[in-house]
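Here is the structure we will look at.
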Amino acid sequence: HTPELTPTDKAPECAIAVDVLRATSTIATVLAAGGEAVQVFSDLDRLIAVSEEWPPEKRLRAGERGGAKVEGFELGNSPLDCTSELVQGRRLFISTTNGTRALQRVQDSPNVLAAALINRAAVVQFVIEKQPETVWIVGSGWEGSFSLEDTVCAGAIAHSILEKTHLSPEELAGNDEVISAIALFSQWQNNLLGLFHQASHGQRLLRLHCQEDLEYCSQTDVLDVLPIQQEIGVLKKG
Ligand code: MLT
């Protein structure tokens with residue numbers, strides 16, 4: 001079971017979308033706090049049209065572009081705003097710059113998961129129990145570019161799978177992406193917040209005064225929640 005960082009063209013049996021800062025951290029938080037589901041959109045107009053069909057008391061709209069909240073939406077993309085008082089029993093309709101697009105990119109896989117550092121253990125547990133033939137770990141990055149925070153999370157997931165299945169790192173020989181992701185995680189695992197401070201999107205969020213989001217998202221294994229796609233674009237607690 002070789003985790004890959006970069007997708008090839010065939011849908012894998014299991015696709016793990018990662019946007020640590022902050023979309024998949026927010027998705028995990030909403031489901032852990034009792035949200036009914038999270039429905040993801042790349043397009044804001046489509047989000048508005050679909051969510052209009054839901055009673056206002058059963059829905060929440062979250063929109064982020066460039067790190068900032070979209071005008072007219074109840075929420076931006078801060079996981080800290082997703083309290084259980086607010087999200088309990090409601091569906092979150094969300095569109096973000098990169099994270100929700102990464103989820104859409106892999107939506108044809110039979111097992112689509114949303115992973116962040118905060119719910120890593122639940123995702124790893126799923127992979128170990130399910131034993132999918134192929135696993136992709138898809139980092140969202142920033143507008144097509146590499147990102148440190150998603151790569152370190154991919155490394156955290158792969159590292160934990162290797163550890164728990166007693167596979168030797170040599171099993172990964174030839175998979176340059178996952179070997180470098182694990183190396184990044186090994187170097188920074190005790191200072192993930194420090195890594196976020198160096199990351200380009202971490203710096204963008206700091207400029208937007210989101211220091212607390214960085215702190216929250218840098219925690220590992222604190223939420224036992226598995227966001228898994230139930231129908232195209234709709235994630236629920238697995
Ligand atoms: C994204 O989808 O690009 C991110 O989640 C941006 C953010 O930090 O809100």
Side-chain angles (χ1 to χ4, degrees), residues 5 7 15-33 35 38-48 60-83 86-87 92-107 112-120 123 136-154 156-157 192-193 195-219 223 225 227 229 233-235:
L5 197 63
I16 304 173
V18 177
D19 186 9
V20 175
L21 296 175
R22 296 164 292 177
T24 52
S25 297
T26 297
I27 292 169
T29 302
V30 166
L31 295 179
V38 177
Q39 189 160 356
V40 298
F41 296 84
S42 49
D43 183 70
L44 290 167
D45 292 336
R46 173 120 186 93
L47 184 161
I48 292 168
L60 278 169
R61 291 162 171 171
E64 168 275 336
R65 286 295 180 268
K69 177 174 168 297
V70 175
E71 186 92 29
F73 281 55
E74 287 137 308
L75 294 167
N77 189 21
S78 173
L80 296 176
D81 291 338
C82 303
T83 58
L86 187 65
V87 306
L92 185 80
F93 296 85
I94 185 169
S95 177
T96 71
T97 313
N98 307 285
T100 54
R101 292 181 183 158
L103 275 159
Q104 291 196 321
R105 166 91 172 77
V106 296
Q107 66 188 11
V112 177
L113 310 177
L117 289 164
I118 54 174
N119 70 331
R120 173 190 65 161
V123 169
W136 287 356
I137 306 173
V138 183
S140 306
W142 187 265
E143 295 179 346
S145 307
F146 176 92
S147 83
L148 282 172
E149 67 277 8
D150 294 340
T151 307
V152 85
C153 182
I157 293 167
L192 291 163
L193 183 58
L195 181 66
F196 289 5
H197 275 255
Q198 294 197 23
S200 55
H201 187 47
Q203 296 194 339
R204 182 180 293 108
L205 290 174
L206 287 172
R207 287 195 294 275
L208 293 164
H209 311 293
C210 299
Q211 158 77 18
E212 286 178 15
D213 283 357
L214 264 61
E215 285 167 19
Y216 175 77
C217 297
S218 69
Q219 304 172 96
L223 289 186
V225 63
Q229 181 176 262
V234 179
L235 294 125

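In listed order, ligands and their atoms are each counted from 1. Here, residue 1 is the first one in the sequence, and each next residue gets the next number.
Side-chain contact check for Tyr216 and Thr29: at least one donor-acceptor pair (N or O, by modelled atom type) lies under 3.5 Å. Counting only N and O atoms by type, the side chains of Ser78 and Asp213 include a donor and acceptor under 3.5 Å apart. Between the side chains of Arg65 and Ser95, at least one donor N or O sits under 3.5 Å from an acceptor N or O.
Which parts of ligand 1 touch Trp142 is read off a 4.0 Å heavy-atom cut-off, strictly below it: atoms 3 (O), 6 (C). Below 4.0 Å from some heavy atom of Leu21 lie the following atoms of ligand 1, by number and element: 4 (C), 5 (O), 6 (C), 7 (C), 8 (O). Residue Ala23 approaches ligand 1 through these ligand atoms, each under 4.0 Å from one of its heavy atoms: 5 (O). Listed by number with element, the atoms of ligand 1 under 4.0 angstrom from any heavy atom of Thr97 are 1 (C), 2 (O), 3 (O). Close approach of ligand 1 to Arg22 is summarised as follows: ligand atoms under 4.0 Å from at least one heavy atom of the residue are 4 (C), 5 (O), 7 (C), 8 (O), 9 (O). Close contacts between ligand 1 and Thr96 involve ligand atoms 1 (C), 2 (O) [criterion: under 4.0 Å to a heavy atom].
The side chain of Glu64, and not its backbone, has at least one atom closer than 4.0 Å to an atom of ligand 1 (non-hydrogen atoms only; side chain from C-beta on). Using a 4.0 Å cut-off between heavy atoms, Asp19 contacts ligand 1 through its side chain alone, with no backbone atom that close. Under 4.0 angstrom from ligand 1, the non-hydrogen atoms of His201 all belong to its side chain.
Nearest heavy-atom pair, Glu149 versus Val20, reported as atom, atom and distance to 0.1 Å: O-CG2, 3.5 Å.
Below 3.5 Å of separation, one finds an N or O of Gly99 facing an N or O of ligand 1. Taking any N or O of Asn77, backbone or side chain, at least one lies under 3.5 Å from an N or O belonging to ligand 1.
Although no hydrogens or angles enter the test, the distance criterion places no donor-acceptor pair under 3.5 Å between the side chain of Glu212 and the main chain of Leu80. In this structure, the side chain of Thr96 does not engage the main chain of Ala23 through any donor-acceptor pair within 3.5 Å.
Contact annotation: the side chain of Ser200 never approaches that of Trp142 to less than 4.5 Å [non-hydrogen atoms, C-beta and beyond].
Applying the 6.0 Å contact sphere to CD of Gln211 captures more than 12 heavy atoms from other residues, nucleotides or ligands.
When only non-hydrogen protein atoms are considered, atom 3 (O) of ligand 1 lies nearest to Asn98 ND2, 2.6 Å.
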